[in-house]
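Each remark here refers to the structure printed beneath this line.
If you're wondering where the values come from, they're calculated on a predicted model, not measured in any experiment.
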Amino acid sequence: MAYNLKNECSKPERFVGGHRLCAGCGAGVAVRGVLRALDEGDLSVSCVATCCLEVSSCLYPYTSWQDGFVHSAFENAAATISGVETCYNKQKKDGKVKENYKFLAFGGDGGTYDIGLQSLSGALERGHDMVYVCYDNEAYMNTGLQRSSSTPKFAEVTTAPVGTEMHGKAQNKKDLTGIVVAHGVPYVAQTTFTANFKDMHEKAHKAIYTKGPAFLNVLAPCPRGWRYPPEDLMTICKLAVDTCVWPLYEVVDGEWKLTYEPKKKLPVEEYLSKQGRFRHMFAKGAEWMIEDAQKFVDKKWETLLKKCN
């Protein structure tokens, strides 16, 4: 499939404006980008876990979703959409439905990395023809900026504050993408918003039109929790990629492929310095935190390069 930004932008929107997401929020950008990858003529049903995206985009009687929409509980979006997909297959087999539908679930990192992991794992193991999209903003942003297992080490959140005894979150970020790969599903990828959205579009299209379960992990910054100006959304994403904090890759039938390698790998502080949640790492005497973060990123990056080789 050849990607043409002009052609893609001319498609009718499936997630329209008027929602209540914050300016500079990555969640809405992620949804628009993924749904735009649907071929014209195909319909979709999206199940959204309780999260910022759900409460901001579907307040009765208003909705930004132009295709089918299901709101599930915080922890069971994957189970809900797998049930909808099973029902559709039966209805189509019986001749009651003729249209082609695709099935997607969206959840934040709290509802995916943490309390939705069991539901996600079960749906992947059962082999439903669905795409699960995690928009990863690295904390429970909807309920008060609490830490999740996706929150990076040293990030300041309400349940891991910075003070004389604590330096933000004490643990490193969980590798959820790697956990999903271990399920042996046909397609898994990491992406975010860079350049002309080519990487996101191609991966979303592959995920949607791969038979069986697929998973997209999309870095989706949050201006409230990360503390950056709304207009810096794309800059933050680009720095995440160019510092290799958030590498872009895909795993197709178990084969790892790097989809972007920076010409010059930037030091991690260029990414951290743009966000207020890491401000304390640049205080006098805190150099060891940046060194620790750099070592973690370097080790993960070298491991990924070996897998992709």
Side-chain angles (χ1 to χ4, degrees), residues 14-15 27 30-51 53-55 57-58 60 63-136 176-189 203-218 250-254:
R14 310 224 185 192
F15 184 79
V31 174
R32 286 184 70 195
V34 170
L35 294 183
R36 185 173 282 135
L38 283 157
D39 291 341
E40 291 190 70
D42 285 345
L43 301 172
S44 70
V45 176
S46 294
C47 178
V48 181
T50 299
C51 55
L53 175 62
E54 176 270 320
V55 300
S57 66
C58 196
Y60 182 82
T63 181
S64 290
W65 301 82
Q66 301 304 288
D67 285 5
F69 174 87
V70 182
H71 167 218
S72 74
F74 208 159
E75 69 278 5
N76 65 349
T80 301
I81 200 65
S82 65
V84 176
E85 182 258 359
T86 301
C87 179
Y88 164 78
N89 290 334
K90 178 65 168 68
Q91 297 262 10
K92 195 160 190 182
K93 181 180 178 181
D94 294 344
K96 297 179 180 179
V97 178
K98 294 183 173 59
E99 297 85 359
N100 291 322
Y101 277 85
K102 298 298 180 181
F103 300 92
L104 303 95
F106 292 90
D109 52 285
T112 308
Y113 280 70
D114 294 346
I115 64 176
L117 183 60
Q118 181 178 1
S119 171
L120 173 60
S121 179
L124 297 174
E125 186 273 332
R126 291 190 300 273
H128 294 278
D129 190 10
M130 52 167 272
V131 182
Y132 191 103
V133 182
C134 175
Y135 72 91
D136 187 354
L176 178 63
T177 310
I179 292 171
V180 174
V181 171
H183 285 73
V185 299
Y187 189 78
V188 182
K203 288 173 178 172
H205 193 274
K206 286 180 185 178
I208 292 168
Y209 292 97
T210 293
K211 184 67 176 176
F215 178 82
L216 293 174
N217 207 355
V218 185
E250 62 185 2
V251 184
V252 184
D253 293 324

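- Counting heavy atoms from C-beta outward, Val218 and Val133 have side chains that approach closer than 4.5 Å.
- Side-chain contact check for Asp129 and Tyr88: no donor-acceptor pair (N or O, by modelled atom type) lies under 3.5 Å.
- The distance from the OG1 atom of Thr112 to the OH atom of Tyr132 is 2.5 Å, given to the nearest 0.5 Å.
- Annotation: side chain of Phe215 is not in contact with side chain of Val251 (no heavy-atom distance under 4.5 Å).
- With a 6.0 Å radius and a threshold of 12 heavy atoms from other residues, nucleotides or ligands, Gln118 has its CD atom at or below the threshold.
- The minimum heavy-atom distance between Tyr209 and Ala37, with the atom names listed, is CE1-O, 3.9 Å.
- For the side chain to side chain contact (heavy atoms under 4.5 Å, CB included) test with His71, the passing option among Thr80, Thr50, Val55, Val48 is Thr50; the others fail.
- When every heavy atom of Lys203 is checked against every heavy atom of Ala189, the shortest pair comes out as CD-CB, 3.7 Å.
- Residues Arg14 and Val31 fail the side-chain proximity criterion, which asks for heavy atoms closer than 4.5 Å.
- Put simply, the side chain of Cys51 reaches to within 4.5 Å of the side chain of Tyr135, judged on heavy atoms.
- When all heavy atoms are compared, the tightest approach of Ile115 to Gly111 is CG1-CA, 4.1 Å.
- Taken to the nearest 0.5 Å, the OG atom of Ser44 stands 8.5 Å off from the CH2 atom of Trp65.
- Here CG of Asp67 is found 5.5 Å from CG of Leu43. Values are rounded to the nearest 0.5 Å.
- With a 4.5 Å cut-off on side-chain heavy atoms, Val131 and Tyr187 do not count as touching.
- Nearest heavy atoms, Phe69 versus Cys58: CE2-SG, 3.5 Å.
- Here the CZ-CG distance, from Phe74 to Asp114, works out to 8.5 Å after rounding to the nearest 0.5 Å.
- By the side-chain hydrogen bond (donor to acceptor under 3.5 Å, both in side chains) test, Ser82 pairs with Arg126, sequence neighbours left out.
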Donor-acceptor pairs under 3.5 angstrom involving side-chain atoms of residues 97-106: please list them, not counting sequence neighbours.
residue	atom	partner	partner atom	Å
Asn100	OD1	Lys92	NZ	2.7

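- Heavy atoms only, all atoms of each residue included: Pro186 and Lys211 are closest at CG-O, 3.6 Å.
- With a 4.5 Å cut-off on side-chain heavy atoms, Glu75 and Ser119 do not count as touching.
- Residues Ile208 and Val34 approach most closely at CD1-O, 3.7 Å, considering heavy atoms.
- Atom SG of Cys87 and atom NZ of Lys96 lie 9.0 Å apart (nearest 0.5 Å).
- Between the side chain of Thr210 and the main chain of Lys206, a donor-acceptor pair closer than 3.5 Å is present.
- Asp94 contributes atom CG, which lies 11.0 Å from atom CG of Asn89 (distance to the nearest 0.5 angstrom).
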